[in-house]
Amino acid sequence: MTTRRSCIGVFDSGFGGLTVLKALLRLIPHADYVYFGDTARLPYGSKSVDTVAKYAVGAAHYLEQHRAQMLVIACNTATALALDQITQAAHVPVVGVVDPGADRAAGTSEKKKVVVIGTEATVSSHAYLKALEARGAHAREKACPLFVPLVEEGWIEHPVTEQVARIYLKEAFADGFDNADVLLLGCTHYPLIKPVLQRVAPAHVSIVDSADATADAVGRLVRRIPLPDPSQSERRKLPRITFFATDSVEKFRRLGPQFLGLPVEDVQHVDLKE
Ligand code: DGL
């Protein structure tokens, strides 16, 4: 008898979490996915803890009601500000992006000195700083608020983005952090500008992407918890992915593919009441 495939819920403030879904699909292609993008209320990166926690808990419940047997909080801001509240409110295992990203960055850095870039809210929470210090690494946090709008504008390989990156990274890799050897991408949008960041960062710097590190952590969890055995579950080659968006379905279909690297088809509109 075949069982239904396991279903992983992925939550983000909007489109950016599709970079995490992309990493998950590469690593765990035998699961189905439900993705919630809170596009009507983004950006989260400039919002308060209470607001982000309220929105994120609502979305987590919605994903649970739509078959999610595990939740991946792809949004760095939501993880940094509200992972505890989401975990307490959820009835399934929850994985955020901060711990996996910090694990990988601390493990990669020989100098134990890491520069983390993220939104204003992520940086103000010091979640990455605390996680890195707990792993024996010094951290410099740098908010890069212009990157999210530049990426959403599609200005990926663009002189303006490169110039902005040059200014941010010059400030970050200074004053005692000139010899930091890891740049940790603490925001869903930054993997798209990784080539620009690699060009602009000092030559000795390795880039660690919290999206990839999180996919690895989810892969380990999937092996540990009793989700349906892939060999016994429905025989379909491709995962079924359902997208829920709180703003325009058409816009989600249009912008999604540049983050996911795949067509974004089954998008449903959701209206979460306050
Ligand atoms: N998803 C957010 C993050 O990773 C970036 C976009 C936003 O500010 O909502 O921090």
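Indexing begins at 1, ligand by ligand and atom by atom, following the structure's order. Residues take their numbers from the sequence shown, with the count starting at 1.
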| request: On the 0 to 90° scale, with breaks at 30° and 60°, tag the Phe36-Phe244 ring pair as parallel, tilted or perpendicular. | output: tilted
| query | Can you tell me if NE2 on His61 sees more than 12 non-hydrogen neighbours from other groups inside 6.0 Å? | reply | yes
| Closest protein heavy atom (residue, atom, distance) for atom 10 (O) of ligand 1 | Thr77 OG1, 2.6 Å
| Side-chain donor-acceptor contact under 3.5 Å, Ser109 with Asp181 | yes
| query | Taking the inter-plane angle between the rings of Tyr190 and Phe147 on a 0 to 90° scale, is it parallel (under 30°), tilted (30 to 60°) or perpendicular (over 60°)? | reply | perpendicular
| task | Heavy-atom contacts with Pro43 under 4.0 Å: which atoms of ligand 1 show up? List them by number with element. | result | 7 (C), 8 (O), 9 (O)
| message | Checking side-chain polar atoms at under 3.5 Å, does Thr77 have a donor or acceptor matched by the opposite partner on Thr119? | response | yes
| Relative to the ring of Tyr44, is the ring of Phe11 parallel (under 30°), tilted (30 to 60°) or perpendicular (over 60°)? | tilted
| query | Does Gly16 come within less than 4.0 angstrom of ligand 1, counting non-hydrogen atoms of the residue? | reply | no
| request: Please could you name the atoms of ligand 1 that Asp12 approaches to less than 4.0 Å, counting only its heavy atoms? | output: 1 (N)
| task | Specify side chain, backbone, both or neither for Thr119, according to which of its non-hydrogen atoms lie closer than 4.0 Å to ligand 1. | result | side chain
| request: Note the single closest protein heavy atom to atom 8 (O) of ligand 1, along with its residue, its atom name and the distance in Å. | output: Gly45 N, 2.8 Å
| request: Would you mind checking which non-hydrogen protein atom is closest to atom 6 (C) of ligand 1, with the distance to 0.1 Å? | output: Ser13 OG, 3.6 Å
| field | Numbered atoms of ligand 1 (with element) below 4.0 Å of Tyr44, judged on heavy atoms | value | 7 (C), 8 (O), 9 (O)
